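Every value quoted in this text rests on a predicted model; they were computed, and no experiment measured them.
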Amino acid sequence: MGTRIISGIIGIAATIVIIMYGGFLFMFCIAALAVLAWLEYVRAFAKIDIKLSLWVGMVCIIGLVLSGAGMSAAFIPLLMLVLTLLLFE
């Protein structure tokens, strides 16, 4: 229980620093969390025999992160539509 409290305090402090610093560090952390979430999602669906494409999900994550970095907003919906169609292969 003490380990969870200590790691929670460290995690909250790191989160505050990352949010306050912002910029590239914030985008990198969001992308890393999204990649980890996608990996969990793929594993969960694999247990019920539904195969999801790992690389298409990663490209979607990269597209979303780049859209936050100022990539052309008109291109993102098209990219997401095409990749969503490819997602369930």
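How far CG of Leu52 is from CG of Leu39: 11.5 Å, rounded to the nearest 0.5 Å.
One hydrophobic cluster, built from ILVMFWY side chains closer than 4.5 Å, holds both Tyr41 and Met58. Hydrophobic clustering (side-chain heavy atoms under 4.5 Å, transitive across Ile, Leu, Val, Met, Phe, Trp, Tyr) groups Met27 together with Val35. Hydrophobic clustering (ILVMFWY, side-chain heavy atoms < 4.5 Å, transitive): Val17 and Ile9 are in distinct clusters.
Cluster partners of Met20, by chain and number: Ile12, Ile16. The rule joins Ile, Leu, Val, Met, Phe, Trp and Tyr whenever side-chain heavy atoms lie under 4.5 Å apart. Its side chain within the 4.5 Å cluster rule, Tyr21 clusters with Ile18, Ile19, Leu25, Phe26, Ile30 among the Ile, Leu, Val, Met, Phe, Trp and Tyr residues.
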>> The test is side-chain contact (heavy atoms from CB on, under 4.5 Å); show your working for Phe45 and Lys51 and say whether it passes.
In response: CA-CA 7 Å; Phe45 270 79; Lys51 184 180 179 187; over 6 Å; no
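Residues in residues 28-41 take part in these salt bridge (Lys or Arg N to Asp or Glu O under 4.0 Å) pairs, two or more places apart or across chains: Glu40-Arg43.
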